[in-house]
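Every chain is numbered from 1, with letters handed out A, B, ... down the list of sequences.
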Number of protein chains: 2
Amino acid sequence: MKSDELQSELRARGYRLTPQRQLVLDAVRRLGHSTPEEIAAEVREQSPAVNVSTVYRTLDLLEEVGLVTHTHLGHGAPTYHPADESDHVHLVCTECGAIEAVPASILERLTGSLREVSGFEVNVAHLAMHGRCAACAATAKSKE
Amino acid sequence: MKSDELQSELRARGYRLTPQRQLVLDAVRRLGHSTPEEIAAEVREQSPAVNVSTVYRTLDLLEEVGLVTHTHLGHGAPTYHPADESDHVHLVCTECGAIEAVPASILERLTGSLREVSGFEVNVAHLAMHGRCAACAATAKSKE
DNA sequence: TTTTGTGCAAAGAGTTTGCAGGTTG
DNA sequence: CAACCTGCAAACTCTTTGCACAAAA
């Protein structure tokens with residue numbers, strides 16, 4: 001599950017293994033959830049010359065190859081994370097910005113019915129649900 | 001449901017009713033689903049001097065006031081629509097870009113369990129689910 | 001007539017692209 | 001050594017902001 005996996009995934013599709021690609025994948029795994037800028041910063045700790053554009057290109061590539069995924073938690077930059085860590089869904093509070101994670105299993109029924117109704121296959125890893133967290137919902141209610 | 005509604009919603013919070021605000025709201029209602037640029041273009045049909053920044057400021061305001069909502073269907077600009085048209089959820093195909101709408105009622109069970117589990121109140125109008133549409137899923141399967 | 005809103009222009013985030021030179025297989 | 005990848009700088013898209021003037025209440 002180190003270089004070897006990356007190498008084979010890349011080679012299988014005619015891509016090359018470069019130090020930059022390895023560094024980006026390692027950074028995504030180390031950081032868990034992170035934006036392209038954060039990943040670039042992390043990579044530069046070890047290899048200062050690596051450019052942001054390489055990070056962007058590499059993230060696209062790693063996503064295509066299936067090793068990472070991204071989601072949009074806020075208004076700004078997207079968040080990347082390892083593809084195998086996608087067993088949870090993010091709840092983003094529009095009011096206070098809090099982010100909580102709930103097991104992806106909570107979506108099973110929904111994804112099932114979407115598949116039945118329209119054949120659509122939801123990409124759960126990409127899903128972020130926006131709304132009001134318990135605390136902000138309570139505050140809002142007490143103001144009414 | 002015309003000027004009057006807008007006026008009272010605005011006045012109630014200390015905001016003023018201006019022709020620009022009326023035009024933006026009308027445009028959102030006329031267009032159904034549209035980006036800030038599209039809305040600006042529509043508004044300029046009737047009042048060419050209106051600036052994009054006014055459109056942005058007005059959309060924020062209308063959203064705060066509860067007359068419009070937005071969601072992110074693609075990678076680019078967000079999509080705004082009238083708040084009362086929010087009884088559907090968007091399914092966005094990552095592969096071919098197709099967008100389909102399914103009734104929000106399909107989410108009832110999910111939103112219910114989220115409320116129970118963590119007290120989180122999902123904003124259904126803001127929700128877009130990404131994945132593979134039936135056609136693209138079929139194509140992908142046949143290639144394996 | 002005070003406060004709020006608008007237009008304009010410039011700046012700011014986030015991302016993409018063209019190209020020359022470097023690296024991988 | 002041929003195809004591919006990277007760094008750099010510039011360009012691009014979308015959005016925000018500062019400010020002087022205009023309009024609403």
Inter- and intrachain pairs under salt bridge (Lys or Arg N to Asp or Glu O under 4.0 Å), touching residues 110-121 of chain B, at least two apart: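 Qualifying pairs, neighbours excluded: B/Arg115-B/Glu121.
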Sequence neighbours excluded - salt bridge (Lys or Arg N to Asp or Glu O under 4.0 Å) pairs with any residue from residues 88-102 of chain A: A/Glu95-A/Arg132
Could you run down nucleotides 19-25 of chain D 5' to 3' and tag each one B, S or - for protein heavy-atom contact under 4.0 Å? ----BBS
Test side-chain contact (heavy atoms from CB on, under 4.5 Å) applied to [X] - qualifying residues, sequence neighbours left out:
X: A/Asn51; answer: A/Ser53, A/Thr54
X: B/Leu110; answer: A/Ile106, A/Leu107, A/Leu110, A/Met129, B/Leu107, B/Leu114
X: A/Glu108; answer: A/Ser105
X: B/Arg109; answer: A/Arg109

Rounded to whole angstrom units, what separation is found between the [atom1] atom of [X] and the [atom2] atom of [N]?
X: B/Asp60; N: D/dT17; atom1: CG; atom2: C1'; result: 13 Å
X: A/Arg13; N: C/dT24; atom1: CZ; atom2: C1'; result: 19 Å
X: B/Leu59; N: D/dT15; atom1: CG; atom2: P; result: 10 Å
X: B/Glu64; N: C/dG5; atom1: CD; atom2: P; result: 11 Å
X: A/Leu23; N: D/dT6; atom1: CG; atom2: P; result: 11 Å
X: B/Gln20; N: C/dT4; atom1: CD; atom2: C1'; result: 12 Å

Tell me every residue that passes salt bridge (Lys or Arg N to Asp or Glu O under 4.0 Å) with B/Glu63, counting only those two or more places apart in sequence or in another chain. none
For B/Arg30, the salt bridge (Lys or Arg N to Asp or Glu O under 4.0 Å) test, sequence neighbours excluded, returns B/Glu42
Mind listing the closest non-hydrogen atom pair of A/Val89 and A/Ala104 along with its distance?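 For A/Val89 versus A/Ala104, the nearest heavy atoms are CG2-CA, 4.0 Å.
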Among the candidates C/dT16, D/dT17, C/dT6, find the nucleotide nearest to the side-chain atoms of B/Ser53.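 Ranking C/dT16, D/dT17, C/dT6 by closest atom to the B/Ser53 side chain puts D/dT17 first.
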How do B/Val55 and B/Gly14 order along DNA chain C: which one's closest nucleotide is nearer the 5' end? B/Gly14
Indicate the ring-plane relationship of B/His81 and B/His90, choosing parallel, tilted or perpendicular according to the 30° and 60° boundaries.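 Judged by the thresholds at 30° and 60°, the geometry between B/His81 and B/His90 is perpendicular.
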Between the protein and nucleotides 11-15 of chain C, list the N/O to N/O atom pairs that are separated by less than 3.5 angstrom.
unit_1, atom_1, unit_2, atom_2, d
C/dT15, OP2, A/Tyr56, OH, 2.4
C/dT15, O5', A/Tyr56, OH, 3.3

Counterpart residues, ring-ring contact (aromatic ring centres under 6.0 Å, His included), relative to B/His130 (two or more places apart):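 So B/His130 forms a ring-ring contact (aromatic ring centres under 6.0 Å, His included) with A/His126.
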Contacts to DNA chain C from residues 39-51 of chain B, heavy-atom cutoff under 4.0 Å, which residues?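 Heavy-atom contacts with DNA chain C come from B/Ala49, B/Val50, B/Asn51.
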